[in-house]
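One structure is given below, encoded as structure tokens.
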Protein chains: 2
Amino acid sequence: MMPVKSDTREKIVEAARELFHVQGFHATSLAEIFRKAGVNSGSLYYFFKSKDDLLLAVLDAYVGLLWPAVMEPAFRKTDDPIERVFSVLAGYRQMLMQTGCKLGCPIGNLALELGDTKPEVREKIALNFANWCRAIESCLDAAADRLPADVDRARLSRFVLTVMEGGIMQARGHRDIGPYDDGVAQLRDYFDRLLAQRRREAGGVRQDTRPGDLPSHKTGAES
Amino acid sequence: MMPVKSDTREKIVEAARELFHVQGFHATSLAEIFRKAGVNSGSLYYFFKSKDDLLLAVLDAYVGLLWPAVMEPAFRKTDDPIERVFSVLAGYRQMLMQTGCKLGCPIGNLALELGDTKPEVREKIALNFANWCRAIESCLDAAADRLPADVDRARLSRFVLTVMEGGIMQARGHRDIGPYDDGVAQLRDYFDRLLAQRRREAGGVRQDTRPGDLPSHKTGAES
DNA sequence: GTCTATATATTGATAGAC
DNA sequence: GTCTATCAATATATAGAC
């Protein structure tokens, strides 16, 4: 018989992940974590040699969650690559709304709380950022023929993350979804201008838009 | 004779402010703070009834520092209201460069570390954000005649903060100024498109730009 | 692998002399 | 207002039985 693999480690990581998200790293004690996980101190230290070590495992978990928990649910809503980008942003909006703008991006939180104090932690945070941007960049690549030729899609994908993180920060600070919606709407406006530029370029001197090419975007952000 | 006002309180707030900026709130102990301030535990508790209370004083200090430490040094570099906006952003770039992308925006750090756990803290963070945006908005108002009439300048000012905070977060996460510069460059590109739109509107059907109207912006971000 | 019990250090905060 | 001394609670981490 195969030995039954314990899920204790997984339970601990999951408990830590949730508590770090809600309370932050330093504000969460190991006692809270193993109590929430339903195990004891000894089990935690059997799997992790320190709190920092557990944090690294949490950041690894987020690496694994990017596609199943963030990208795939958003991509399922639409096949249009540009709309997929904004569908991802809509997913974060949903989290903000469901928590009364109290919970934000767990990676962003840890990035600013821990800064550069723990080198391995910072590296795993950078990896999470890089993977997120790569996923967005793949959408932009799929829409490359609708964007101006000189657009740097890797940089544009980082700009999407910039707007997302900056918008979430202000939404939480004001406990108001407005700043997030505004940021997304202005990013949308920027995209529309890029798409329109490309259409002008492709169409030569013609500048009239074909009906249906520029759908209106209901963001819920307009007052 | 007037009683000499002690600067002990000020020294404590200043020490706390610096330590919170570098290490974060929870990672900084009161012992570190009063040691750095050169005073003793008793003095700290004479002026502040708790660590949270001291944090509120730190956030008040940032409110007072907005103009002398952030806006005025940036505004001194140029009279052009749009350039002033980007001069403020250049100021944050300077801090990133001087610290090897280790230190970010102290308000943003506290916003994400503390979230909504302490109501009064969140309110003072919101006030800091609001004042920052109002200062930027005053620049946009001064350039109102160069922006499209339908631009919401309050929202655009929040977008500037969004890009700043999101860019700093990624710059710190990657320990690389690149993502910050890219974000600012893309914000600049967005502004250029807004200014160009206004110029088209004002000029009627004419679309050629007058030489000198669109200066090239050296951001140092281009690879 | 999981448990209980505990070590050791540090935390935020207080008391009371001066 | 500032000091020293110290409390009580909590933190991370360990030891060793099972």
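Letters go in sequence order (proteins before strands), and every chain restarts at 1. Because the structure is predicted, anything quoted here is derived from the model rather than measured.
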Legend entry - Minimum side-chain heavy-atom gap Val63(B)-Lys124(B) below 4.5 Å: no
Inset, instruction - Please check if the distance between the ring centroids of Tyr92(B) and Tyr180(B) is under 6.0 Å. - result: no
Legend entry - d(CZ, Phe47(A); P, dT12(D)) in whole Å: 19 Å
Inset, instruction - Classify the angle between the aromatic ring planes of Phe86(B) and Phe191(B) as parallel (below 30°), tilted (30 to 60°) or perpendicular (above 60°). - result: perpendicular
Inset, instruction - Let me know the distance between CD of Glu10(A) and C1' of dG1(C), rounded to the nearest Å. - result: 16 Å
Legend entry - Glu32(A) atom CD: more than 12 heavy-atom contacts under 6.0 Å: yes
Inset, instruction - Check whether any side-chain heavy atom of Asp189(B) sits under 4.5 Å from a side-chain heavy atom of Arg193(A), and report yes or no. - result: no
Legend entry - For atom NZ of Lys51(B) and atom C1' of dA11(D), their distance in whole Å: 13 Å
Inset, instruction - Write down the distance between NZ (Lys49(B)) and C1' (dG12(C)), rounded to a whole number of angstrom. - result: 14 Å
Inset, instruction - Please state how far atom CG in Leu30(B) lies from atom C1' in dT10(D), giving the value in whole angstrom units. - result: 14 Å
Polar-atom pairs under 3.5 Å, protein N or O versus N or O of nucleotides 3-6 of chain D: list them with distances, or write none.
residue: dC3(D); atom: OP1; partner: Asn40(B); partner atom: OD1; Å: 3.3
residue: dC3(D); atom: OP2; partner: Asn40(B); partner atom: N; Å: 3.2
residue: dC3(D); atom: OP2; partner: Asn40(B); partner atom: OD1; Å: 2.8
residue: dC3(D); atom: OP2; partner: Ser43(B); partner atom: OG; Å: 3.3
residue: dC3(D); atom: O5'; partner: Asn40(B); partner atom: OD1; Å: 2.7
residue: dT4(D); atom: OP2; partner: Asn40(B); partner atom: ND2; Å: 2.6

Inset, instruction - Can you tell me the distance, in whole Å, between the CZ atom of Phe34(B) and the C1' atom of dG12(C)? - result: 10 Å
Inset, instruction - Could you tell me whether the phosphate oxygens of dT2(D), OP1 or OP2, come under 4.0 Å of any side-chain nitrogen or oxygen in Tyr46(B)? - result: no
Inset, instruction - Indicate whether OP1 or OP2 belonging to dG1(D) is found under 4.0 Å from a side-chain N or O atom of Thr8(B). - result: no
Legend entry - Spacing between Asp52(A) atom CG and dA11(D) atom C1', to the nearest angstrom: 14 Å
Legend entry - Test side chain to side chain donor-acceptor pair (under 3.5 Å) applied to Thr28(B) and Gln23(B), Lys36(B), Lys51(B), the passing residue: Gln23(B)
Inset, instruction - Report yes if a side-chain nitrogen or oxygen of Tyr45(A) is closer than 4.0 Å to either non-bridging phosphate oxygen (OP1 or OP2) of dA13(D); otherwise report no. - result: yes
Inset, instruction - Give a yes or no on whether a salt bridge exists between Asp182(B) and Arg188(B), defined as a side-chain N under 4.0 angstrom from a carboxylate O. - result: no
Legend entry - Distance in angstrom units between Lys118(B) NZ and dG12(C) P, rounded: 11 Å
